[in-house]
Amino acid sequence: MLRKISILGVLLWLFNSYSVYSQTSEVDITQPLTLDDCLNYAFQNSETIKIADLENKISQADVGVTKAQGLPQINGSINYNNNFAIQRQFLPDFISPSVYQVLLQEQLLPDGSQVPEPGVIAAAFGVQHSSTAGITLSQMLFDGSYFVGLQAARTYTELAQRSFEQNKVQVAEQVTKAYYTILVNQERQELIGSNFNRLDTLLRETKLLYENGFVEKIDVDRLSVQYNNLKTEKGNIDRLTELSYYLLKFQMGIPVEQPITLTDDIANIDFDPEVAAESEFRYDQRPEYAQVLVNQELVQLDMKNNRFQYLPKLTANAAFGYNTGVNNFSEITNFDELWFEYGFWGVTLDIPIFDGLRKHHAIQKNKVQAQQIELQSRFLRNQIDLEIAQARVALQNGVDALEVQQENLELAQEVFRITNIKYQEGVGSNLEVVDANNALKASETNYFSALYDALIAKVDLQKALGILVQP
């Protein structure tokens, strides 16, 4: 339906093309990057954004093509024909009998000669060489479809902008989640690194105690198992963090071999579930809902366009040129004597009478489309309400879980510290140290899982509220 309006001439007054997104200064990726830096760079360099921008430019070019239909159409032409076999025109022979009668009356023929019956003449009208050179002009004076199209220009511009904004939201979501993933993995790296160093020290001390006969071999073996597992986990986290950087650079449009560093700290991230009051939310903050509103307006314009097609169309036409015709080709360049001018101007009024009820059915279709879009907008509003409610609950649950897991992690660290001290002073067992270390690892895993879930829930809530990308 949207294409239909474009075909009929519905579109843009666009002499000055607008910028589909505001250009900002290029981000220096060799410097430490904040999340805002990464977003700004992605908005300028992400392949997704570039593709959407090119799609906008294609639609703008289509708009210009359609708008040109309402401007004067001027064409020039030069034509030459070599009529080597001139087509004959067949005429009744009304000449021969008349000439015969004149000859009889002048006594130039014997008396009593019979007048021949009329026959057929095969006449050749034309010359061997002919040529024309001229210019034509046509100008639309009135076409209801075209003028409705000019009214729709701003609407189509807004539709293209809303589509571009939706792509920006998708890129912002991907970049933000990738950025937060790196922050979580870096904190895991730091914590696992400190655990690895602590366990390495404990294992070396236990081996010395075993060599001096103060502990059994099984104590060394238990810690060696813990050490090997933690070493493997440390390598996995290192590789996972490197992969997270690759993902972020891919989302930003940076070559994966380009090194980058991040500056944001998880400790400074606000996890407030009430990130925006519900009274401040508007549905048109969501690009997909704004697109529905634009489509609703376009349906009304298409209906208006179909109704305007009942009106006549008025076009002005004019032509001016020269033509010639000679039997000798060498004479064709005799412009002074053998070329003759011609010209005309006029208007054409096309009056629609009956089209098999095509326009009637098109209008009925528009009415059904309007009802359909109204239902879609109602459904989308309900869906957005549900997404916001789910995101708020997910963020609140994530924040609560994060607080609990952070407290558990601190307790597990304290338990391990005390257990390790008791073991070193000879009042605790090696098995208690291993159990405390296992509990600490489980608490760390739960903490980072809750941290990641809370960060993702924060992004999802911002997206649901339409505030992930600030205008």
Side-chain angles (χ1 to χ4, degrees), residues 34-36 38-39 42 48 162 165-188 191 240 244 247-248 251 262 264-293 374-412 439 441-471:
T34 65
L35 176 57
D36 288 339
C38 292
L39 289 174
T48 301
R162 295 298 184 180
E165 289 173 359
Q166 189 168 11
N167 280 281
K168 286 185 66 175
V169 169
Q170 293 174 353
V171 170
E173 178 186 12
Q174 295 165 350
V175 170
T176 304
K177 289 183 177 180
Y179 192 98
Y180 285 161
T181 299
I182 292 176
L183 296 185
V184 173
N185 287 335
Q186 285 179 334
E187 189 161 332
R188 289 186 67 182
L191 194 55
L240 184 59
S244 301
L247 177 60
L248 175 60
Q251 303 292 2
L262 309 184
D264 285 4
D265 190 346
I266 288 181
N268 298 326
I269 296 177
D270 182 13
F271 287 99
D272 184 9
E274 298 300 324
V275 64
E278 291 189 24
S279 59
E280 298 176 354
F281 172 73
R282 302 188 318 274
Y283 290 108
D284 59 2
Q285 293 175 195
R286 293 281 295 267
E288 55 268 48
Y289 185 78
Q291 282 183 304
V292 170
L293 297 181
E374 177 59 33
L375 292 175
Q376 289 175 347
S377 64
R378 187 185 310 169
F379 174 80
L380 185 55
R381 288 195 298 271
N382 292 335
Q383 183 179 9
I384 291 173
D385 291 339
L386 177 61
E387 289 178 2
I388 293 176
Q390 289 175 329
R392 288 187 185 279
V393 171
L395 180 56
Q396 185 63 64
N397 291 342
V399 170
D400 293 344
L402 180 60
E403 292 176 353
V404 172
Q405 295 304 328
Q406 187 171 10
E407 183 179 356
N408 289 342
L409 176 60
E410 294 171 355
L411 291 174
K441 286 178 58 180
S443 297
E444 290 172 350
T445 300
N446 293 337
Y447 167 74
F448 286 115
S449 177
L451 177 61
Y452 179 78
D453 290 343
L455 288 169
I456 297 303
K458 171 183 171 66
V459 176
D460 291 339
L461 178 57
Q462 290 176 322
K463 180 183 177 183
L465 292 170
I467 59 175
L468 186 57
V469 177
Q470 298 297 332

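- I388 and A464 get closest at one heavy-atom pair: CG1-O, 3.7 Å.
- By the neighbour-count criterion of 12 heavy atoms within 6.0 Å, atom CD of Q376 is densely surrounded, having more than that number from other residues, nucleotides or ligands.
- Between atom OG of residue S449 and atom CZ of residue R188 there is a gap of 9.0 Å, rounded to the nearest 0.5 Å.
- Evaluation of the ring pair (Phe, Tyr, Trp, His ring centres under 6.0 Å) rule for Y289 yields Y283 as partners, not counting sequence neighbours.
- Note on R286 versus E165: no salt bridge recorded, every NZ/NE/NH1/NH2 to OD/OE distance being 4.0 Å or above.
- Y447 and E187 share a donor-acceptor pair across their side chains, judged by distance under 3.5 Å alone.
- For V459 against E173, the heavy-atom pair with the smallest separation is CG1-CG, 4.2 Å.
- Contact check for L262 versus T34: no side-chain heavy atoms found under the 4.5 Å cut-off.
- Of all heavy-atom pairs spanning A42 and V171, the tightest one is CB-CG1, 3.8 Å.
- Note that CZ of F281 is 5.0 Å distant from CD1 of I384, once rounded to the nearest 0.5 Å.
- The shortest distance between side-chain heavy atoms of Q383 and L380 falls below 4.5 Å.
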For this session: Begin from the C-alpha positions of K441 and E444 and carry the test salt bridge (Lys or Arg N to Asp or Glu O under 4.0 Å) through to its verdict.
Result: CA-CA 5 Å; K441 286 178 58 180; E444 290 172 350; over 6 Å; no

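- Using modelled atom types, one finds a donor on one side chain and an acceptor on the other under 3.5 Å when comparing N185 with S244.
- What you find for L468 and V169 is that their closest heavy atoms are CD2-O, 3.9 Å.
- With Y180 as reference, I269 is the one residue of I456, I269, L451 to meet the side chain to side chain contact (heavy atoms under 4.5 Å, CB included) rule.
- Distance check: Q186 CD to D264 CG gives 10.5 Å after rounding to the nearest 0.5 Å.
- Contact between D270 and K458 at its shortest, heavy atoms only, is O-NZ, 2.9 Å.
- The distance from the CG atom of L293 to the CD atom of E288 is 11.0 Å, given to the nearest 0.5 Å.
- For the pair D460 and K177, the minimum side-chain heavy-atom distance is below 4.5 Å.
- Taking CD1 of I266 as the start and CG of L455 as the end, the distance is 5.5 Å to the nearest 0.5 Å.
- Taking CD1 of I182 as the start and CG of L248 as the end, the distance is 4.5 Å to the nearest 0.5 Å.
- Taking the side chain as every heavy atom from C-beta outward, L39 and T176 approach each other to under 4.5 Å.
- The two residues N167 and T48 make their nearest non-hydrogen contact at OD1-CG2, 3.8 Å.
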Exercise. Run the side chain to side chain contact (heavy atoms under 4.5 Å, CB included) check on L409 and Q405 step by step: do they pass?
Worked result: CA-CA 6 Å; L409 176 60; Q405 295 304 328; over 6 Å; no

